[in-house]
Amino acid sequence: MVNPNIKNFLLSLILICVVASSYSQNQRPKVGLVLSGGGAKGAAHIGILKAMEEAGLTPDYITGTSMGSIVGGLYSIGYSADELKDIVENANWDELLTNKISLDKVTYEEKFYYGRYLLDFYVKDKKLQFPQGIIEGQALMEMFSNLTRPVHGINDFNDFPIPFACIGTNIVTGEPVVLNHGSLAMSMRASMAIPSIFTPVKIDGKLLVDGGLVRNMPVPEIQDMGADIIIGVFVSSDLVPEEKLNSAVSILSQSAFIKSAFDSRVQMDKCDILIVPNLEEFSTGSFSSAPQILERGMEAGKEYLETFKKLADSLKQFGPLHEVVKPRIVDDYIFDEIEVDGNDIIKDEFIIGKMDMEAGKSVSISHIERRLNVIYGTQYFEKIWYEILGEKNHRRLIIHVVERPKIQMRFAYHYDSENKGGIIGNMTIRNLILDQSRLILEADMATHPSLLLDYFKYLGKSQSVAFGASGVYNKNELPDYNDNNGNLSALFNSSYSGGAIKFQTTRVQSSTTGIAMAWANVDLRPVLIEDLRIKINKIQYNNTDFKVFYHFNNFNERYFPTRGLKADIELSTTTNWNGNVDGQFILDEDTLNLDKDLLVLLGVLQTTRINALSLSIFPIIPLSNKLSILAKARMKISNLAADTWNLTGYDFIGGFSPGLVNSNEFYGAGQKEFGLANYFYGRLGLQYELKHNLFIQAQINYLDTKYPVTWIYPDADIAKLYGRYYQLGYGGLIGLKSPIGPIAFAFAKDHYRPEWKTSIIIGFHY
């Protein structure tokens, strides 16, 4: 290994000779900086840039590939090394490198469906269409659009503060493509589009993927730009030795990059200064190790600091080096025009209306990005980003979109110990018959099957209000317990069907307010009735309800959220009720047919108007990056009697995942153990992320049927829970967000029972 001091001396000597040769021609040699691809390891480039800044050496040209195109592209438009370091360290790589946005950015009407499926397909031209890559990269484009705002109006990358070019691969021809004009954001996205991971990008009619496939060190391109002295930074890997080719994946990866590896060897030999940071223990996917990779880059930069200083001093013989000034970034704009590009199915009016802005009026960049998030959150688009073109006296906002096909197919699976398993199939059809609408048909082919129909239509110029119509059918089991030991007194097969029409607000993505009219029909068939005096063949009844509601949800994730708030308020009144019972009641030696009037006398059915108020709040409070407080409170108050069979007026509480309409969990109780019309439920717990995507939870929950309900509504009919007004339970959970969906093992105990309950929960449960 060559001593660094000797190496720097020799490099300095060579470079001084090059400068001296140019000096004799009275022409300053141009310095080119070449940044290779390398995934997460590309963060090390920033350390080299930091050393060059300290030495006072500014490159005249920059080229880059993949991650090198991102670092180089942003540096070329004026971002400093320290600013790039902050960007890398503060980036949410989990979000940027997935096909997801956080749940809080999804519009409320789509939150129920978002992040709940394993596979996505589309139907286009009557054919099933598979995605061209796993990751579309919406979060990346959102970030790139923001960061490149200073040069949105500059079409030629040679006009940047530092002329720049990056490399993509034409996947059709296999040739390298120089990206040096147009949109910098799209060029960077194309240069890093790893085949089959990121979807390709179309620019100038060419379908482009990661430039690292054919030109990972764009040296010829920087020579063409006019560079005389080439500084190259290589953070990728050469071909791996035979002993590491021990899997099909490693063989496939090696074969894909053979051409690139040979080309990189040739290009590295052309560099006057070649820097290869020590990154052996890191991989292209080590984004969680970005701080350590940055530090290795800083160490490599320090090794070449003296060389950079001597080169800078030599170049200054020709006069001061040019100073890079980042174009001014403004936060407020006035647009003369708002245009939409790339849409075919969705009309301009829908997109512009959702932007909630007018030409000629001042608008902030935060408003633009927030409204674009709302539009993307509608799930009509695969990708949406923006460009700001023109000068102050005539600016245009261009909204670029990539639409989803009209028909989308989604699939998932789920299993848990209480409800068993099932396969979920979802068909989503957008703009069927009416514009700005979507129809969802979903079936859960499970032990307890269900069907769902959900139609949603945006209304008005700004689509801030919507009409919805829905229908649901569900088959399940409904137990009735008779003592604190969890013994059943009855078990029914329950068939629930319901429908609703509603009007609700859509302006804010995290909340909605609305009114609804709902219908519900319940059919109960007994499997077990312990009391031999009662022989029931079936119970049927239906309700018509009018509801006013407010819902809020800004959780960051569907499964194992680490921050956010969920709150619901619902006021309902039953406007129509009808119940029928087919069965017999044996009293002494007399047998009476059970009918509605008799059961009313027995207190089993209630026909009066039912008014109910439901309140719930579920805050998740982060204490650190790893630790969060989980809290939940729910209360229901109604005038429904405690001992009736009007099950649509009850909430069913108990179990880890009850899986029934109007059901809530209670750790320690049996599944759907308590059917209550009036109650308070509280939960308090902690969640800690042991390792990346591996969580543990501990919690305690409390159920009370008397307080604070009777403080608010003294006439409430209060049920007892096995002789008490309260119940206490506690437990925990170990959960993993895996590539095939969430996996969890839960355990719990009722304070008044000796045994522990456990459940395995796998897949995309509701």
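At least one donor-acceptor pair under 3.5 Å links the side chain of T148 to the backbone N or O of F144. Side-chain atoms of Q504 do not come within 3.5 Å of backbone N or O of T512 as any donor-acceptor pair. Side chain of S191 to main chain of S66: a donor-acceptor pair is present (N/O by atom type, distance under 3.5 Å, no hydrogens or angles). Side chain of T65 to backbone of G68: no donor-acceptor contact under 3.5 angstrom is found. Judged purely by atom type and a 3.5 angstrom limit, K354 uses its side chain to pair as donor or acceptor with the backbone of Q463. In this structure, D331 contributes its side chain and I365 its backbone to no donor-acceptor pair below 3.5 Å. Although no hydrogens or angles enter the test, the distance criterion places no donor-acceptor pair under 3.5 Å between the side chain of Q408 and the main chain of P405. Side-chain atoms of S36 come within 3.5 Å of backbone atoms of V235 as a donor-acceptor pair (strictly under, hydrogens ignored). In this structure a side-chain-to-backbone donor-acceptor pair under 3.5 Å is missing from S286 to A40. For the pair K111 (side chain) and L103 (backbone), a donor-acceptor distance under 3.5 Å is present.
Annotation for F164 and N180: closest pair O-CB, 4.0 Å, computed over non-hydrogen atoms.
Enclosure of atom NZ in K206 is not indicated, since only 12 or fewer non-hydrogen atoms of other residues, nucleotides or ligands lie within 6.0 angstrom. A 6.0 Å sphere centred on NZ of K50 holds no more than 12 heavy atoms belonging to other residues, nucleotides or ligands. Surrounding CG of N625 are at most 12 heavy atoms belonging to other residues, nucleotides or ligands under 6.0 Å away.
Side-chain polar atoms of N556 and T562 form a donor-acceptor pair below 3.5 angstrom. When only modelled atom types and interatomic distance are considered, D82 and S80 share no side-chain donor-acceptor pair under 3.5 Å.
Contact annotation: the side chain of V219 approaches that of C271 to within less than 4.5 Å [non-hydrogen atoms, C-beta and beyond].
Under 4.0 Å is where a charged nitrogen must lie from a carboxylate oxygen, and between E89 and K85 at least one such pair does. Classification of E339 and R396 as a salt-bridged pair holds, one side-chain N sitting under 4.0 Å from a carboxylate O. Salt bridge R507/D356: present, at least one basic N to carboxylate O contact under 4.0 Å.
The ring-ring contact (aromatic ring centres under 6.0 Å, His included) analysis of residues 36-94, with sequence neighbours excluded, yields the pairs W93-F287.
Taking the six-membered ring for Trp and thresholds of 30 and 60 degrees, F456 and Y458 have ring planes more than 60 degrees apart, a perpendicular arrangement.
Remark: R430 is positioned above the aromatic ring of Y380, its terminal NZ or CZ atom under 6.0 angstrom from the ring centre and at most 45 degrees off the axis.
To the nearest 0.5 angstrom, L147 atom CG is 8.5 Å from R149 atom CZ.
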### Pair R558-Y113, side chain to side chain donor-acceptor pair (under 3.5 Å): steps then yes or no
CA-CA 10 Å; R558 172 175 293 279; Y113 305 100; over 6 Å; no
